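Only a predicted model underlies this, so the values are computations on that prediction, with no experimental measurement involved.
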Amino acid sequence: MTKTIRIIFVALLFSSYSAHASVYVGSKLGLSAIDYNQELDSGNTNEDPLMISDVYGGFGIDIGWISDTNQYRIFYTLEQHDAETELYNDNNRLMMKTTDSISQHLISAEYLFLPQRHWNPYAGIHAGFHQRETVDSQNDFYSFTSSGFTYGAQTGITGRIGKHFTLDFGMRFSLLQSTAKNKKEQSSDTLKITNNMLTVVYFGANYRF
């Protein structure tokens, strides 16, 4: 999978360099959700994994370039997602309250299908690095940090508003590969996390120089 992503990136970069390009900057706002299985490994092999889905609010900044034919664009994204989760027991007692944040550094390559139209659908791929921090305000024992590789795909539609401005509406799917560790190293317990899928629905605005 990683080799395929590299080949597609190189092909898009080569195609884009063959044409003149314009620099642009942009910003994104949106909602995101992360789905994963997690299991606290404390020597109890009978413990079932806990299914979790957190909804985040997110924002990002893009810096990149787009070909003068409006058919390719390559850009760097700095992105931040934040969420707060409360877990209660059967007696409606607060058992855990956590704040969760994910920051990402991504390089994306996209192909725009209808370069001569005002509204232009696109699809692309991305890869990069993410950092995650989970803080339990009730008990710091369950606070964890993690980081690792990120890759995935995105699709959406962009619309031209005048000569310099464009709008983006899109959805991105990212796989997060990481190993979580106890933040304060208070325990030998580890957090096993699988199926890290971050789904982002976003609205963006770009300025083209």
Side-chain angles (χ1 to χ4, degrees), residues 1-35 56-82 102-132 147-178 195-209:
M1 182 64 181
T2 303
K3 183 178 180 180
T4 302
I5 291 175
R6 290 176 180 173
I7 292 174
I8 296 174
F9 263 122
V10 171
L12 287 173
L13 284 171
F14 178 80
S15 299
S16 299
Y17 275 126
S18 65
H20 296 289
S22 299
V23 176
Y24 75 93
V25 295
S27 61
K28 290 186 175 77
L29 293 174
L31 295 176
S32 53
I34 184 168
D35 297 309
Y56 293 74
F59 68 92
I61 298 174
D62 296 338
I63 302 174
W65 49 269
I66 183 170
S67 65
D68 283 349
T69 59
N70 295 315
Q71 200 162 17
Y72 305 97
R73 59 182 179 182
I74 308 292
F75 56 96
Y76 161 78
T77 299
L78 171 61
E79 201 166 65
Q80 180 72 32
H81 304 271
D82 296 287
I102 298 175
S103 60
Q104 294 197 106
H105 301 269
L106 304 175
I107 298 295
S108 299
E110 293 177 347
Y111 178 80
L112 291 81
F113 294 95
L114 302 173
Q116 304 304 320
R117 300 289 183 87
H118 283 287
W119 292 98
N120 192 352
Y122 62 84
I125 57 175
H126 61 271
F129 179 80
H130 77 273
Q131 293 178 304
R132 183 175 182 181
S147 61
F149 184 58
T150 302
Y151 66 93
Q154 67 272 7
T155 186
I157 187 169
T158 182
R160 285 183 287 172
I161 308 297
K163 182 179 180 180
H164 296 285
F165 290 95
T166 59
L167 300 179
D168 273 1
F169 303 89
M171 177 176 289
R172 187 172 69 241
F173 304 94
S174 303
L175 290 175
L176 312 181
Q177 297 182 341
S178 61
N195 300 326
N196 276 339
M197 173 65 77
L198 180 66
T199 302
V200 181
V201 178
Y202 59 84
F203 164 77
N206 307 310
Y207 180 83
R208 182 172 176 173
F209 294 94

**Asked** Between OG1 of T150 and CG of L176, what distance do you get to the nearest 0.5 Å?
**Response** 5.0 Å
**Request:** Heavy atoms only: give me the nearest S22-D68 pair and the separation to one decimal.
**Result:** OG-OD1, 3.0 Å
**Request:** Answer yes or no for R73 and Y122: cation-pi contact, defined as NZ/CZ to six-membered ring centre under 6.0 Å and angle to ring axis within 45°.
**Result:** yes
**Request:** For L114, check side chain to side chain contact (heavy atoms under 4.5 Å, CB included) against everything at least two apart and list the hits.
**Result:** R117, N120, P121
**Request:** Could you verify whether a donor N or O on one side chain and an acceptor N or O on the other, from N206 and R160, lie under 3.5 Å apart?
**Result:** no
**Request:** Can you see which heavy atom on R208 is nearest to which on S67, and at what distance?
**Result:** NH2-O, 3.4 Å
**Message:** Quiz question: by atom type and distance under 3.5 Å, do the side chains of Q71 and Y111 form a donor-acceptor pair?
**Reply:** yes
**Message:** Working note: H105 + Y76, criterion side-chain contact (heavy atoms from CB on, under 4.5 Å); need CA distance, chi angles, decisive distance, verdict.
**Reply:** CA-CA 7 Å; H105 301 269; Y76 161 78; 2.8 Å; yes
**Asked** What are the two closest heavy atoms between Q116 and T69, and how far apart are they?
**Response** NE2-O, 4.4 Å
**Message:** So, using ring-ring contact (aromatic ring centres under 6.0 Å, His included) as the criterion, who are the partners of F173 when residues are at least two apart?
**Reply:** none
**Asked** Rounded to the nearest 0.5 Å, how far does CD of E110 lie from CD1 of I74?
**Response** 8.5 Å
**Prompt:** Which value, rounded to the nearest 0.5 Å, describes the distance between N70 atom CG and T166 atom OG1?
**Reply:** 9.0 Å
**Request:** Keeping the roles fixed (side chain from H81, backbone from G57), state whether a donor-acceptor pair exists under 3.5 Å.
**Result:** no
**Complete:** Taken in chain and number order and not counting sequence neighbours, the residues that satisfy side chain to side chain contact (heavy atoms under 4.5 Å, CB included) with L167 are I161, F169, F203, A205
**Item:** Ring centres under 6.0 angstrom apart (Y24, Y207)
**Value:** no
**Message:** Regarding Y151 and H126, do their side chains bring together a donor and an acceptor under 3.5 Å, going by distance alone?
**Reply:** no
**Message:** On a heavy-atom basis, which atom in A109 and which in Q154 lie closest, and how many Å separate them?
**Reply:** O-NE2, 4.0 Å
**Request:** With side-chain contact (heavy atoms from CB on, under 4.5 Å) as the test, would you mind laying out the steps for I125 and S108 before giving the verdict?
**Result:** CA-CA 6 Å; I125 57 175; S108 299; over 6 Å; no
**Prompt:** Rounded to the nearest 0.5 Å, what separation is found between the CD atom of Q80 and the CD1 atom of I102?
**Reply:** 9.0 Å
**Fill in**
So OG1 of T77 and OH of Y202: to nearest 0.5 Å the spacing works out to 8.5 Å
**Evaluation steps, side-chain contact (heavy atoms from CB on, under 4.5 Å), between F129 and S147** = CA-CA 7 Å; F129 179 80; S147 61; 3.7 Å; yes
**Request:** Decide whether D62 and S27 meet the rule of one side-chain donor and one side-chain acceptor closer than 3.5 Å.
**Result:** no
**Message:** Run the side-chain contact (heavy atoms from CB on, under 4.5 Å) test on T199 and S32 for me, step by step, so that the C-alpha distance in whole Å, both residues' side-chain angles and the decisive distance to 0.1 Å come before the verdict.
**Reply:** CA-CA 5 Å; T199 302; S32 53; over 6 Å; no
